[in-house]
There are 2 protein chains.
Amino acid sequence: METGDNIKEAVDVLQQLGLKEYEAQCFVGLSQVPSGTAKKLSEMTDVPRTRVYDAVRVLESEGLVEIQHSSPQRFRAVSMSEATETLRNQYDARVDRLQSALDSIQMDTDDDESSIQEVWSMAGSTAIENRTNTLLSQAQSEVVLVIADESLLTERLVAKLNGTDDGVDLLVGAVSESVRTHVQDVIPRATTFVSGLEWLHEGDADTDETAIGRLVLIDRSTILVSSIVPSTGEEHAVFGEGFGNGLVVIARRLMSQGQFTADN
Amino acid sequence: METGDNIKEAVDVLQQLGLKEYEAQCFVGLSQVPSGTAKKLSEMTDVPRTRVYDAVRVLESEGLVEIQHSSPQRFRAVSMSEATETLRNQYDARVDRLQSALDSIQMDTDDDESSIQEVWSMAGSTAIENRTNTLLSQAQSEVVLVIADESLLTERLVAKLNGTDDGVDLLVGAVSESVRTHVQDVIPRATTFVSGLEWLHEGDADTDETAIGRLVLIDRSTILVSSIVPSTGEEHAVFGEGFGNGLVVIARRLMSQGQFTADN
DNA sequence: ATTCAAGTTCACTCATTTAATCACAAAAAT
DNA sequence: ATTTTTGTGATTAAATGAGTGAACTTGAAT
């Protein structure tokens, strides 16, 4: 059922946004009718009638629902645009509060006696994309980027690449010729090539091995390699810094062995 | 203690953003130090050492923390800007998903045999501000606005007011002369006045009565009145639509009795 | 006035989730 | 070799939320 799934999806997202199940269901229910009573709502959702009142009251206090104090009470959802706006404002406000709370806690500046030989792991596509961005901003002389999948070439990434300093060499590799030409189109100043690294696209369909997502090498001294785990589709990454870092050394070695072949 | 409170605040906000207590504490702990082990973390926060691992693993999967798989493992938080960016992206993505899920559910268009004599209540400053905005957009001929407190005159509200169609009369009332002149400054095209309604600012300090926050009357047929509950500081509002609506009638009556006196 | 039904609130149980503790194996350090 | 750290897993306890039913209002109908 089409709408049924969408309803479930909406309830789901609302719960992720912090609403309880009853609250989410009531809100979605109300968003389908101009207004409704507790009875009507409990019929169209599977919220027990006696609990509709609680749920709706919470929703009202959060600015998502209006209540008419008549008998029977009537409820109605605020407009979609008002609701999403309210939710977004709420979250933005929270992130802002977090930011200022953390800002006011100064960090212990024991130097991190580290960097060399450390390999860090992280996960999550957005986080990895953010890190990629941060790294690109730090580039002084060279950026080597290999992307396995066209979908990873987001607008934001393209913008960032095009915005890098002119003194920075931009080498962008793709796994296939078609992706390469596309990359060359959107990032004219880059030197593009088709990666000669076979292991980059092991794990396509047939094999169940994890495939490489992106590879970022900055100034030959910082590297990030991500992979997509086939079962969940999640993106994981490893990250190393420092010219002498083992991971970085390996990456340089691979390059100098001519595995990366520039085509133009 | 200054930072102690800020730490609590940060943990609190992170929980509101969906993290569990241990996760929130670990993240805040890590954000105070370049990198740390489970032991160190459990000492600086009050997360049991044996549970640091779980918490940090979740944080990693959410892109907020990096893990170095050595022995002992070392953890570090991503930079503040990356963290807030990741969180914000995550939330925006959710709100977007909600929007499209709800969009695809069309609403039952049984006419709402309503409007007249209905009074709805809602709560939450942002929601009320959003509704105010929506109402201002709908104005055809006249807007009467009375604000009790200068703080309610947000940038957004001012922009909205200045952006209303020229054919719409703009009457803005303030509770004091000083607020009035300020209003006149930022909204030149408005006709401003000092509200003669004493009950608007009953409940200042001494009395514990709830004070009126804002009063919005659109085209003499839609009204919204909000009040601030003194104990919690929350803003609540009542809202009525339709020329014949009781609340609207009362509002018109008050106006025509000369309670609102234009000064210029 | 009394009764009845619908509307509403409240209190309580059960299930799930999360916090907190413990026992133990593996790894490092002494 | 022995003793401390480090990491995993299981287990208990506390808190939260879902689900249910009794009881109390209210307004309409007898």
Side-chain angles (χ1 to χ4, degrees), chain A residues 7-8 11-30 33 35-62 64-76 113 117-121, chain B residues 7-8 11-30 33 35-62 64-76 114 117-121:
Chain A
I7 289 178
K8 257 181 263 150
V11 169
D12 216 67
V13 176
L14 282 168
Q15 286 189 263
Q16 291 177 5
L17 289 167
L19 301 202
K20 305 304 172 198
E21 186 175 328
Y22 287 169
E23 295 160 20
Q25 292 203 52
C26 283
F27 181 80
V28 173
L30 282 176
V33 299
S35 79
T37 63
K39 189 178 180 195
K40 190 169 174 185
L41 255 186
S42 82
E43 281 160 359
M44 58 193 301
T45 67
D46 42 40
V47 177
R49 188 173 51 85
T50 64
R51 301 300 304 283
V52 170
Y53 302 96
D54 312 319
V56 162
R57 219 168 282 140
V58 173
L59 288 171
E60 193 226 355
S61 78
E62 287 169 343
L64 297 177
V65 157
E66 295 165 83
I67 298 180
Q68 185 186 352
H69 295 284
S70 51
S71 183
Q73 296 181 255
R74 296 194 72 81
F75 313 117
R76 71 180 187 194
E113 68 295 322
Q117 293 307 12
E118 292 191 346
V119 178
W120 297 88
S121 73
Chain B
I7 289 179
K8 257 182 263 151
V11 169
D12 215 68
V13 176
L14 282 168
Q15 287 190 263
Q16 291 177 4
L17 288 167
L19 301 203
K20 304 306 171 196
E21 187 175 328
Y22 285 170
E23 295 160 19
Q25 292 203 52
C26 283
F27 181 81
V28 174
L30 282 176
V33 57
S35 80
T37 64
K39 187 179 182 193
K40 190 169 174 184
L41 255 186
S42 81
E43 281 161 0
M44 57 193 302
T45 67
D46 41 39
V47 177
R49 188 186 56 84
T50 65
R51 303 301 312 283
V52 169
Y53 302 97
D54 310 304
V56 162
R57 220 168 279 141
V58 173
L59 288 171
E60 193 225 355
S61 77
E62 287 169 343
L64 296 177
V65 157
E66 295 166 82
I67 299 180
Q68 184 186 350
H69 296 284
S70 51
S71 180
Q73 298 183 255
R74 295 195 72 81
F75 314 118
R76 71 179 186 195
S114 59
Q117 294 306 11
E118 293 190 348
V119 178
W120 297 86
S121 73

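Numbered from 1 within each chain, the chains take letters A, B, ... in sequence-line order. Just so you know, these numbers use all the heavy atoms, side chains as well, and skip hydrogens, waters and symmetry mates.
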Undergrad: To the nearest Å, give me how far apart CG (Asp54(A)) and P (dA18(D)) are.
TA: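 From Asp54(A) CG to dA18(D) P: 10 Å.
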Undergrad: Checking Arg51(A) against Tyr53(A) for the side chain to side chain contact (heavy atoms under 4.5 Å, CB included) test, could you report, in this order, the C-alpha distance in whole Å, the side-chain angles of both residues, the deciding distance, and whether it holds?
TA: CA-CA 5 Å; Arg51(A) 301 300 304 283; Tyr53(A) 302 96; over 6 Å; no
Undergrad: Under a 3.5 Å cutoff, is there a donor and acceptor pairing between the side chains of Arg74(B) and Thr37(B)?
TA: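 Absent: no donor and acceptor within the cut-off.
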Undergrad: Regarding Pro48(A), tell me which of base, sugar-phosphate or nothing describes its non-hydrogen contacts under 4.0 Å with the strands shown.
TA: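 Answer is base: heavy atoms of Pro48(A) come under 4.0 Å of a base.
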Undergrad: Heavy-atom nearest nucleotide on DNA chain D for Tyr53(B) versus Arg51(A): which residue maps closer to 5'?
TA: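 Its nucleotide being nearer the 5' end, the pick is Tyr53(B).
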Undergrad: Can you tell me the distance, in whole Å, between the CG atom of Leu41(B) and the P atom of dT6(D)?
TA: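 Leu41(B) atom CG is separated from dT6(D) atom P by 12 Å.
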Undergrad: Whole-Å distance between dC24(C) C1' and Arg49(B) CZ?
TA: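 So the two atoms are 12 Å apart, to the nearest Å.
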Undergrad: If you go through the side-chain atoms of Ser71(B), does one of them form a donor-acceptor pair with the base of dG7(D) closer than 3.5 Å?
TA: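 It does not, because no donor-acceptor pair links the side chain of Ser71(B) to the base of dG7(D) below 3.5 Å.
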Undergrad: Of all the nucleotides listed (dT8(D), dT6(D), dG7(C)), which has the minimum atom distance to the side chain of Lys39(A)?
TA: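 So the side chain of Lys39(A) is nearest to dG7(C).
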Undergrad: Might you work through the side chain to side chain contact (heavy atoms under 4.5 Å, CB included) test for Glu66(B) and Glu60(B), ending with a clear yes or no?
TA: CA-CA 6 Å; Glu66(B) 295 166 82; Glu60(B) 193 225 355; 5.9 Å; no
Undergrad: Kindly give the heavy-atom pair with the smallest separation between Leu64(B) and Phe27(B), and that separation in Å.
TA: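 Reported closest heavy-atom pair: O-CE1, 3.3 Å.
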Undergrad: Can you tell me which nucleotide in dT8(C), dC22(C), dA18(D) comes closest to the side chain of Glu21(A)?
TA: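 Given the options dT8(C), dC22(C), dA18(D), the side chain of Glu21(A) is closest to dA18(D).
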Undergrad: If I compare all heavy atoms of Gln25(B) with all of Thr45(B), which pair ends up nearest, and what's the gap?
TA: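 In terms of heavy atoms, the two residues are closest at O-CG2, 3.4 Å.
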Undergrad: Side chain of Lys20(B) only, please: which of dT6(D), dG9(D), dT18(C) is the nearest?
TA: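 Of the candidates, dT18(C) comes closest.
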Undergrad: Rounded to whole angstrom units, what separation is found between the CD1 atom of Ile67(A) and the C1' atom of dG7(C)?
TA: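 The answer, rounded to whole Å, is 14 Å.
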Undergrad: Measure CD/Glu23(A) against P/dA18(D) and give the value in whole Å, please.
TA: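 From Glu23(A) CD to dA18(D) P: 8 Å.
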Undergrad: Nearest-Å distance, NZ (Lys40(A)) to P (dA6(C))?
TA: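 Answer to the nearest Å: 18 Å.
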Undergrad: Send over the distance from Arg74(A) CZ to dT8(C) C1', rounded to a whole Å.
TA: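 Interatomic distance, CZ of Arg74(A) to C1' of dT8(C): 16 Å.
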Undergrad: Using a heavy-atom cut-off of under 4.0 Å over every strand shown, decide if Thr37(B) touches base, sugar-phosphate, or nothing.
TA: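 Nothing: the residue Thr37(B), judged by heavy atoms under 4.0 Å, touches no strand.
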Undergrad: Between Pro72(B) and Tyr22(A), just flag the one whose closest nucleotide in DNA chain D comes earlier from the 5' side.
TA: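 First, find each residue's nearest nucleotide; the 5'-ward one identifies Pro72(B).
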Undergrad: Taking 4.0 Å as the cut-off, does a side-chain nitrogen or oxygen of Arg57(A) come that near to OP1 or OP2 on dT9(C)?
TA: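 Yes, such a contact exists.
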Undergrad: For Ser42(A), which contact category applies under a 4.0 Å heavy-atom criterion: base, sugar-phosphate, or nothing?
TA: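 Here Ser42(A) touches no strand at all.
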Undergrad: In whole Å, I'd like the distance from the CD atom of Gln25(B) to the P atom of dT18(C).
TA: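 Rounded to the whole Å, the gap is 16 Å.
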